[in-house]
Amino acid sequence: MQLKALMNQQKVMHLLPARWVLALTFVAIVAIGCGGTGEQGSSGGAATAHATDHEVAPGELDDYYGFFSGGHSGEVRVIGIPSMRVLKRIAVWNIDSGSGWGITNESRALLNDKSVGDTHHVHGSYVDGTYDGKWMFVNDKANNRLARIRVDIMEVDAVVNVPHAQGAHGVFPQRAPTTEWVILNSEFRTPLRNDGRGDMLDASTYGGVHTIIDAAEMEIVAQVTTPVNLDLAATDYQGKYSFATSYNTEGGATISEMLANDRDFLVVFNWERIKAALADGSYKIVDDIKMLDGSAGTGLTAYIPIPKNPHGVNISPDGNYAVACGKVSPTVSVIDLRKLDDVFAGNIEPRDAVVAEPEVGLGPLHTTFDGRGNAYTSLFIDSQTVKWNIDKAVELYENPVEGETAVVDRLDIHYQAGHIMASMAETKEADGKYLISLNKISKDRFLNVGPLKPENDQLVDISGDEMVLLKDEPSYIEPHDCIIVRRDIIEPHVVDRVDMEEHPDFVTESFVERDGNKVTAHITASAPVYGLQEVVVNQGDEVTFIVTNTDEIPDLAHGFAISNYNVSFVVGPFQTKSVTITADKPGMYWIYCTNFCHALHLEMRMRFVVNPRST
Ligand code: K7E
Ligand code: CUA
Ligand code: CA
């Protein structure tokens, strides 16, 4: 397997300039785990002095909420910044008996009975270019879904399944005037109607899909198809355009095919034209979805050539520039968004919108901003954060000066950075205080815990001219991305209790009802007792337990586990959750509270009696 990977890599090498051969070989060595990680000097000394300024003492609260995607763990993590304390793990695509996610009827209905997912990008809803503290949106690259998290209770409340898409990857909400749309890119080209018809191995028939989702309804508005793949996503600050990087302009199905061209694309989607096309009916309906053709020449899109297999695209907080990272080019491409109207009007060529292309280092993946005109790009291969000035880059692109560069500072990170994110950087209120480098490899930075080591999320102070490393924080596989949101934006929205009547079947009085072989037990939970002492059913009955936590105390949760029946969930204050099981094992089974709620918590239990089927 490893040999084969290396051989493929070798094949690719023939197609690349010598510098990239070196770089990619390095990636290959790291990827197959037979080499070092490009260890470089550390900034440890300077960091320690600084770190104390950023300590959050016991009892003190953080200044920012970090929302981190959890990768293939399927969850979203809420982390206080700068302390880096993990405050909450929000189950999204995973099963979590800490909350009962994936176990209760309510969550299983949202999850469509799927139990895995792959979160890469979490982004908040916006009003006028900054977060409104209402929702978070997160993708599932594995099962091609988008989830919405309610910020007030920090739980998922809606999921939309996205057809015609695989590798649902880049996601970004509309930033202005408010988040009406969320866009989701499919990274993998597929047959657009993927139902087995045609020659499925003929990659020339495949396409990518830019899915537009209504944020409030969590329904698909339309899908714009492209001949190329669509990877990372962004929206502008005006509600006019959305963006996708495309690394497979070649339409290839193998790595070497996907690396053939020197330039791929930043694809721009024109919302005004998309809305017009939807209004005048220039779409096909495929499986109940409105599908628009976004090929070049349709007017809905612009394809801006940029080098090479680009990855991240991020918009500067002033709304003027899109910055796309070259990945296998040492450059980032700066696109002036004020030129896009001219591109769509046909007044200038798409490539003319590129106003800078500074060389920043090897393996640029993602870029973030400090709101003071500087950009920070993660370099996967160089294991660095590089800080560069946007205006300077534009100036030097126009008038190159020998020996001058837009780069202002470099910081070694440990090691192999993927995403990078500064505080409030995806809003017009970017404040340039903290930056987190989400590094894929921690290697020697923590106690060794075996072959599968944690990743390393490093906190960096970017308030001064030079970047200062403050903290290493191990993280479980594998947050890709995060956003860092000011506390005052989130905190006022977070509630202590939920409205009991939000669940249609909330319970205030406990009782059991039977309808044929269907039994429903309505149960209150109030420390330290359930509202029923026993539920007696017959073998084969379908039994639904509906549990409402009726305790008046904030932060007092009750659990509900049924011995030997694979059920365990937690009901938060004033919440109602339910589960349906088949009583297939005769016997007496204790139902007990799993969450320490009272001095008599251990006594908080009831009996579930299943009479054997009469013969
Ligand atoms: Cu670069 Cu999925 Cu955002 Cu990972 S992606 S790093
Ligand atoms: Cu209720 Cu423990
Ligand atoms: Ca390519």
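The first residue in the sequence is number 1, and the count goes up from there. Counting starts at 1 for both ligands and their atoms, in listed order.
Among residues two or more places apart in sequence or in another chain, the salt bridge (charged side-chain N to carboxylate O under 4.0 Å, His left out) test is passed with K114 by none.
Cation-pi geometry between R175 and Y237 is satisfied (NZ or CZ under 6.0 Å from the ring centre, within 45° of the ring normal).
The only member of L365, I441, N439 that meets side-chain contact (heavy atoms from CB on, under 4.5 Å) when paired with F380 is L365.
Ion pair R189/E250 not flagged as a salt bridge, since none of the NZ, NE, NH1 or NH2 atoms sits closer than 4.0 Å to an Asp/Glu carboxylate oxygen. Under 4.0 Å is where a charged nitrogen must lie from a carboxylate oxygen, and between D140 and R145 at least one such pair does. A salt bridge between E106 and K577 is absent, with no side-chain N of the basic residue lying under 4.0 Å from a carboxylate O of the acidic one.
The protein residues lying under 4.0 angstrom from ligand 1, judged by non-hydrogen atoms, are H120, H121, H169, L232, H311, H366, G418, H419, K440, H480.
Ring pair F265/Y303 is perpendicular by interplanar angle, where above 60° counts as perpendicular and below 30° as parallel.
Listed by first and then second residue, the salt bridge (Lys or Arg N to Asp or Glu O under 4.0 Å) pairs involving residues 591-605 amount to none (not counting sequence neighbours).
If you look at atom 2 (Cu) of ligand 2, the protein N, O or S atoms less than 2.8 Å from it are C593 SG, N595 O, C597 SG, H601 ND1.
Formation of a donor-acceptor pair under 3.5 Å by the S510 side chain with backbone atoms of T524 is found in this model.
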